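Structure, as structure tokens:
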Amino acid sequence: MIGHEDLAVRTLGPCRIDSPLAERLAARETTQHSVVEDDRILFDDTISMAGVRGVPVEQLPSLEPGGPRKRIYFDPAKTRVGIVTCGGLCPGLNDVIRGLVLELCRHYGVRRIVGFRNGYRGFIPHYGEDVVDLSPEVVQHIDDEGGTILGTSRGMQDPEDIVDALERLAINILFVVGGDGTIRGAMEVVRVIGERGLKIAVVGIPKTIDNDIPYIDQSFGFQTAMSEATKSIHAASVEARSAPGGVGLVKLMGRHSGFIACYSVLAKDDADYVLIPEVPFALHGERGFLEHLRRRVEDRGHAVVVVAEGAGQEHIDEHEPGRDASGNVRLGDVGRLLRRLITEHLDDAKVENNVRYFDPSYAIRSVPANPYDSAYCLRLAHAAVHAAMAGRTEVIVARRRRRFVHIPMALAVSRRNHVDPLGDLWMSVLEATGQPVRFE
Ligand SMILES: Nc1ncnc2c1ncn2[C@@H]1O[C@H](COP(=O)(O)OP(=O)(O)OP(=O)(O)O)[C@@H](O)[C@H]1O
Ligand SMILES: O=P(O)(O)OC[C@H]1O[C@](O)(CO)[C@@H](O)[C@@H]1O
Ligand SMILES: [Mg+2]
């Protein structure tokens with residue numbers, strides 16, 4: 001069970017400097033829409049969960065609220081900031097970079113901001129990467145484009161080398177934008193910073209189109225990515241309905257978590273089956289997926305199947321599970337497997353079929369953020385700047401139950417966010433598709 005110690009946020013030291021934002025904060029109080037800096041946000045959100053702890057309300061586990069502080073740790077005029085984006089692309093990365101730079105410059109008066117190129121390798125001398133000076137002029141319109149103007153990469157880098165680079169450039173604050181791997185990397189950087197007795201804040205803005213970071217409502221870019229995915233589901237549905245025995249099969253990203261598959265199917269409400277990593281399924285047999293699909297095609301003349309890339313890995317025998325440069329497991333291609341098996345199964349059963357396979361792949365994550373995600377990215381960037389200027393370190397900023405909070409990095413990587421097979425989301429998917437609870 002999560003306790004106080006899991007939620008404690010590290011700070012570099014006392015905040016002794018008046019914030020340039022102090023005047024704006026004078027009239028703030030905790031309301032339904034804001035939480036003042038010395039209040040706390042309860043971790044549990046049901047009476048039953050809070051009740052089992054059996055402690056008075058002020059002793060319940062709680063999170064530090066995000067947002068501006070009246071007094072800050074860093075002197076803006078003497079603060080130098082670095083920004084890095086790591087891991088896979090995600091809509092909104094440029095919005096986050098832009099938001100960080102604008103908030104730092106315009107509201108805090110920080111003038112020296114650099115971007116490191118191509119993820120953590122941008123710190124390492126032998127790659128020969130330059131650093132990019134980031135100013136409001138440079139970032140003003142970067143949100144019109146997908147991707148990240150800084151570039152990104154996978155692959156391990158030595159945290160000692162990273163901290164060497166921070167020291168060489170006299171960086172006081174490092175913002176890391178990335179997923180679980182990036183946050184683990186940042187924790188290593190924090191460890192070395194501590195060993196060298198440096199006062200450098202490291203603040204993360206969590207990024208993952210898979211939505212697999214825990215304890216947060218939803219990661220930025222997810223809404224854009226799932227909206228893009230609905231286009232392929234629509235196309236699959238049109239193809240399926242337009243051919244005898246039409247089967248539209250769509251494979252979507254989602255290594256360990258099937259959120260994109262679930263939400264895009266709910267948005268389109270055209271799919272008959274959703275297969276996700278969290279819910280294993282049998283392929284063969286009377287109650288297996290293939291036989292159910294055959295009946296559906298015979299009854300209705302067509303079907304649409306959406307599969308998350310991490311689903312059904314146990315069915316892929318010929319696959320050698322290698323790892324990518326960051327150590328992430330390389331998945332077998334469940335989409336191609338299903339395309340073959342569905343065709344064979346319908347052929348064997350003498351059911352006329354036309355299987356159309358869609359793999360939108362990177363197309364869902366390389367687009368610019370939609371307006372909702374852009375606004376979300378900007379607010380996360382603001383929260384990250386407030387946290388860092390107040391000397392918070394080894395934290396990510398996040399929105400949890402619609403409140404901006406600081407979550408210790410260790411907690412953010414302590415587990416993965418999954419679609420709960422017993423939860424509301426999966427229930428909604430089952431209702432929308434009409435598929436059985438299990439294929440067994
Ligand atoms: N276990 C780890 N320990 C230290 N650093 C790590 C670790 N895993 C990854 N990193 C660092 O973080 C970077 C990004 O990690 P990774 O490629 O796994 O992407 P990610 O941040 O998890 O994002 P995505 O959601 O796209 O997977 C890597 O290039 C590597 O430098
Ligand atoms: O960019 P790469 O290394 O091909 O990684 C693809 C993976 O990255 C993710 O988009 C997560 O960032 C996964 O959904 C996908 O499996
Ligand atoms: Mg990852």
Side-chain angles (χ1 to χ4, degrees), residues 84-93 96 116-124 127 129 146-148 150-163 165 174-192 202 204-214 216 218-222 224-226 228-229 251-264 276-277 307-311 313 321-335 359-367 394 396 409-410 412-419:
V84 65
T85 53
C86 313
L89 288 186
C90 175
L93 284 164
V96 171
F116 291 89
R117 286 207 197 266
N118 295 326
Y120 285 131
R121 64 179 252 171
F123 295 83
I124 313 298
Y127 288 104
E129 310 277 14
T148 155
L150 297 177
T152 181
S153 66
R154 299 194 189 275
M156 293 301 169
Q157 308 300 342
D158 185 344
E160 299 283 348
D161 290 346
I162 295 176
V163 180
L174 176 65
F175 291 106
V176 297
V177 193
D180 56 332
T182 305
I183 299 169
R184 284 198 177 87
M187 291 169 68
E188 289 291 296
V189 171
V190 170
R191 176 181 58 73
V192 175
V202 182
I205 298 103
K207 169 241 61 150
T208 145
I209 55 158
D210 293 354
N211 197 37
D212 58 4
I213 306 276
I216 71 179
Q218 211 160 64
S219 46
F220 75 79
F222 174 80
T224 306
M226 78 96 179
E228 285 299 305
K251 183 179 80 168
L252 295 172
M253 281 192 169
R255 242 196 295 244
H256 305 284
S257 305
F259 288 102
I260 295 177
C262 289
Y263 273 99
S264 53
I276 59 171
V307 60
E309 63 179 336
Q313 291 298 301
R323 291 187 179 264
D324 72 10
S326 293
N328 301 300
V329 173
R330 284 195 198 282
L331 299 169
D333 193 337
V334 68
D359 181 0
S361 182
Y362 298 106
I364 69 167
R365 68 176 206 188
S366 51
V367 292
E394 212 175 359
I396 62 163
M409 286 184 174
V413 296
S414 61
R415 66 175 185 86
R416 246 184 242 291
N417 191 29
H418 282 131
V419 176

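Residue numbers run from 1 in the order of the sequence given. One-based numbering, in listed order, for ligands and for the atoms of each. This structure is a prediction, so every number in the text was calculated from the model and none was measured.
- Because the distance cut-off is set at 2.8 Å, Asp180 qualifies as a neighbour of the Mg ion (ligand 3) through one of its N, O or S atoms.
- By the criterion of a heavy-atom distance under 4.0 Å, the side chain of Ile209, and not its backbone, is placed next to ligand 2.
- Between Arg365 and ligand 2, at least one pair of N/O atoms sits closer than 3.5 Å.
- Protein heavy atom in closest approach to atom 21 (O) of ligand 1: Thr182 OG1, 2.4 Å.
- The residue Ile209 has no part lying near ligand 1, judged by heavy-atom distances below 4.0 Å.
- Distances shorter than 4.0 angstrom do not occur between any heavy atom of Met187 and any atom of ligand 1.
- Ranking protein heavy atoms by distance to atom 10 (N) of ligand 1, first place goes to Gly181 O, 3.1 Å.
- For atom 8 (N) of ligand 1, the nearest non-hydrogen atom from the set Lys207, Met156, Gln157, Met253 comes from Met156.
- Between Phe222 and Phe259, the ring-plane angle classifies as perpendicular under the 30° and 60° cut-offs.
- Listed by number with element, the atoms of ligand 2 under 4.0 angstrom from any heavy atom of Met253 are 10 (O), 14 (O), 15 (C).
- In this structure, atom 22 (O) of ligand 1 lies nearest to the protein heavy atom Asp180 OD1, 2.6 Å.
- Here the heavy atom of the protein found nearest to atom 3 (O) of ligand 2 is Arg154 NE, 2.8 Å.
- Scanning all protein heavy atoms for the shortest distance to atom 1 (N) of ligand 1 gives Arg184 CD, 3.5 Å.
- Protein heavy atom in closest approach to atom 5 (N) of ligand 1: Gly185 CA, 3.2 Å.
- Closest to atom 4 (O) of ligand 2, if we only count protein heavy atoms, is Tyr362 OH, 2.5 Å.
- Annotation for ligand 2: atoms under 4.0 Å from non-hydrogen atoms of Gly254 are 14 (O).
- Close N/O approach between Gly87 and ligand 1 is not found [any backbone or side-chain N/O within under 3.5 Å].
- Contacts between Arg255 and ligand 1 below 4.0 angstrom, taking non-hydrogen atoms only, involve the side chain exclusively.
- For Gly179, a nitrogen or oxygen atom sits less than 3.5 Å from a nitrogen or oxygen atom of ligand 1, counting backbone and side chain alike.
- The proximity of Ser153 to ligand 1, defined as any non-hydrogen pair under 4.0 Å, is limited to the backbone.
- At the shortest separation from atom 29 (O) of ligand 1 among protein heavy atoms lies Gly155 O, 2.7 Å.
- The shortest N or O to N or O distance between Thr208 and ligand 1 is not below 3.5 Å.
- With hydrogens left out, the protein atom closest to atom 14 (O) of ligand 2 is Asp210 OD1, 2.7 Å, a heavy atom.
- The ligand atoms of ligand 1 that sit less than 4.0 angstrom from a heavy atom of Asn328 are 16 (P), 17 (O), 18 (O).
- Scanning all protein heavy atoms for the shortest distance to atom 19 (O) of ligand 1 gives Arg154 NH1, 3.2 Å.
- With hydrogens left out, the protein atom closest to atom 13 (C) of ligand 1 is Tyr120 CD1, 3.9 Å, a heavy atom.
- Of the N or O atoms in Gly88, one or more lie within a sub-3.5 Å distance of an N or O in ligand 1.
- Between Arg416 and Pro214 the shortest side-chain heavy-atom distance does not fall below 4.5 Å.
- Of the protein's heavy atoms, Glu309 OE2, 2.5 Å lies nearest to atom 16 (O) of ligand 2.
- Backbone and side-chain nitrogen or oxygen atoms of Ser326 are examined, and one is located within less than 3.5 angstrom of a nitrogen or oxygen of ligand 1.
- Put simply, no part of Gly179 is less than 4.0 Å from ligand 2, judged by heavy atoms.
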